[in-house]
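Everything on this sheet refers to the single structure shown next.
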Amino acid sequence: MQVDVRQLEEWFASFNETYFGGRLPVPSLAVGKSRTRLGSLSWKMRRKLFAKRPYDYVIRISNYYEADEKHFKSVLLHEMIHLYVVSEGIKDTSPHGKVFRKKMSEINAEGWNITVSAKMGGVAKACLRRKVCRRIVLAVTTQGGKCLLSVVGRRYVSAVDRAVRKSPDVKSCSWYVSDDDYFADFPVVRTPRGRIVNREVYDRFVASMSPFDLQ
């Protein structure tokens with residue numbers, strides 16, 4: 001499953017009452033796509049008289065991995081323990097020190113699976129599956145010997161294909177489907193644009209990707 005902000009808000013309200021006596025300040029809740037951090041807590045600091053006070057808390061949960069509801073709730077609880085420590089001004093021995101671990105053990109006794117790390121290495125990877133993102137990739141070579149790869153929005157494939165085939169500078173073009181993370185930072189284009197790559201990279205992806213049928 002994947003989570004959304006509404007679910008996080010409902011879970012936060014319930015957990016705040018059940019495990020923190022309703023004392024936690026309500027943070028902004030958001031979802032992201034981090035591959036390495038399953039959850040995070042951030043805040044700003046405001047100087048008040050002779051002290052600094054934290055405010056504007058944000059808890060972000062990663063949707064990059066498919067996982068069950070218990071996993072997402074355990075990650076949220078991990079960040080809520082951090083929020084408890086920070087908002088109460090508690091001095092712990094380390095980011096996951098004695099106070100954190102004591103609270104974690106108390107909540108885990110209720111059947112949760114909170115770990116001392118919200119990073120990917122801190123949980124059992126077997127319980128997570130990478131969210132597969134299938135992208136439509138255009139591979140082009142030019143008359144001048146350049147190689148280009150492009151990720152094209154599905155709605156614009158036909159228009160881009162027509163424009164590319166009309167260009168006198170294009171030597172060859174072909175369409176593929178790929179779920180390789182190499183394309184994760186490629187912009188999804190609507191017009192004939194691409195990223196120049198060397199011939200080795202071009203040939204490797206053309207050989208490994210699945211053909212995409214334009215029909």
Side-chain angles (χ1 to χ4, degrees), residues 1-9 27-44 56 58-68 71-72 75-76 79 118-123 125 127-215:
M1 67 170 288
Q2 299 278 274
V3 293
D4 56 35
V5 172
R6 179 190 57 79
Q7 287 174 309
L8 294 177
E9 290 173 344
S28 297
L29 292 154
V31 295
K33 295 183 180 180
S34 174
R35 303 178 194 178
T36 57
R37 295 197 64 86
L38 304 176
S40 64
L41 169 70
S42 62
W43 64 91
K44 298 177 182 177
D56 197 12
V58 178
I59 289 178
R60 189 176 300 275
I61 304 297
S62 176
N63 250 346
Y64 184 77
Y65 296 94
E66 296 279 354
D68 59 22
H71 159 79
F72 285 113
V75 173
L76 176 61
E79 302 308 329
K119 293 183 179 180
M120 187 57 201
V123 297
K125 296 183 181 181
C127 75
L128 301 174
R129 179 169 60 83
R130 182 173 61 84
K131 184 181 179 181
V132 176
C133 183
R134 294 176 64 80
R135 303 172 180 89
I136 300 174
V137 178
L138 171 63
V140 170
T141 60
T142 70
Q143 298 292 352
K146 293 180 180 178
C147 300
L148 298 94
L149 295 173
S150 177
V151 176
V152 181
R154 182 175 292 273
R155 292 174 56 189
Y156 306 96
V157 167
S158 295
V160 170
D161 184 69
R162 288 194 296 269
V164 168
R165 293 184 186 280
K166 290 179 181 178
S167 173
D169 295 328
V170 172
K171 182 178 180 180
S172 69
C173 67
S174 48
W175 292 89
Y176 300 93
V177 176
S178 175
D179 59 7
D180 196 298
D181 284 342
Y182 174 83
F183 297 104
D185 66 343
F186 275 54
V188 180
V189 302
R190 305 179 180 185
T191 57
R193 292 186 293 125
R195 182 174 298 181
I196 297 175
V197 298
N198 63 45
R199 189 74 203 197
E200 180 183 354
V201 170
Y202 181 89
D203 288 343
R204 174 163 58 86
F205 279 103
V206 165
S208 64
M209 294 186 293
S210 302
F212 177 72
D213 187 0
L214 289 173
Q215 300 302 320

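Keep in mind that this is a model prediction, so the values were computed, not measured.
- At distances below 3.5 Å, at least one donor-acceptor pair connects side-chain atoms of Gln7 with backbone N or O atoms of Asp4.
- Taken to the nearest 0.5 Å, the OG atom of Ser208 stands 6.5 Å off from the CG atom of Asp180.
- Judged by distance alone, with hydrogens and angles left aside, the side-chain atoms of Ser62 form a donor-acceptor pair with the main-chain N or O of Ser34 at under 3.5 Å.
- Residues Pro168 and Val170 have side chains not in contact (no heavy-atom distance under 4.5 Å, counting atoms from C-beta outward).
- With rounding to the nearest 0.5 Å, the separation of CZ in Arg165 from OG in Ser172 is 9.5 Å.
- The backbone N or O of Val3 sits less than 3.5 Å from a side-chain atom of Asn63, completing a donor-acceptor pair.
- Between the CZ atom of Arg199 and the SG atom of Cys147 there is a distance of 4.0 Å, given to the nearest 0.5 Å.
- When side chains are defined from C-beta on, Val137 does not count as touching Trp175, because their heavy atoms never get closer than 4.5 Å.
- Asp56 and Trp43 form no side-chain donor-acceptor contact under 3.5 Å, judged by distance and modelled atom types alone.
- Counting heavy atoms from C-beta outward, Tyr156 and Val189 have side chains that stay 4.5 Å or more apart.
- Among all heavy-atom pairs drawn from Gly39 and Ile61, the shortest one is CA-CD1, 4.3 Å.
- Side chains of Tyr176 and Ser174: a donor on one and an acceptor on the other come within 3.5 Å.
- Taking the ring centroids of Phe183 and Phe205, they lie under the 6.0 Å cut-off.
- Between Arg37 and Tyr64 the shortest side-chain heavy-atom distance does not fall below 4.5 Å.
- Taking the side chain as every heavy atom from C-beta outward, Ile59 and Leu76 approach each other to under 4.5 Å.
- A cation-pi arrangement is present between Arg195 and Phe186 under the rule of less than 6.0 angstrom and at most 45 degrees off the ring axis.
- With Pro192 as the fixed residue, the side chain to side chain contact (heavy atoms under 4.5 Å, CB included) test singles out one of Asp161, Val164, Leu148, Val152: Val164.
- With hydrogens and angles disregarded, a donor-acceptor distance shorter than 3.5 Å links the side chain of Ser150 to the backbone of Arg193.
- Minimum interatomic distance between Arg60 and Val31 (heavy atoms only, all atoms of both residues): NH1-O, 3.6 Å.
- Arg135 is not listed as a side-chain neighbour of Val188, based on a closest heavy-atom distance of 4.5 Å or more.
- Contact record, Val197 with Tyr182: CG1-OH, 3.5 Å, taken as the closest heavy-atom pair.
- The shortest heavy-atom contact between Leu138 and Cys173 is CD1-CB, 4.1 Å.
- Shortest non-hydrogen contact noted between Val177 and Arg134 is CG1-NH2, 3.2 Å.
- One finds the OG1 atom of Thr142 at 9.0 Å from the NZ atom of Lys171 (value rounded to the nearest 0.5 Å).
- Remark: side-chain polar atoms of Gln2 are paired, donor with acceptor, to backbone N or O of Tyr65 under 3.5 angstrom.
- Interatomic distance, CE of Met209 versus CD1 of Ile136, reported as 12.0 Å (0.5 Å rounding).
- In this structure, Val58 and Pro27 have side chains that are not in contact, with every pair of non-hydrogen atoms separated by 4.5 Å or more.
- Atoms CD1 and NZ, on Ile196 and Lys146 in that order, are 4.5 Å from each other to the nearest 0.5 Å.
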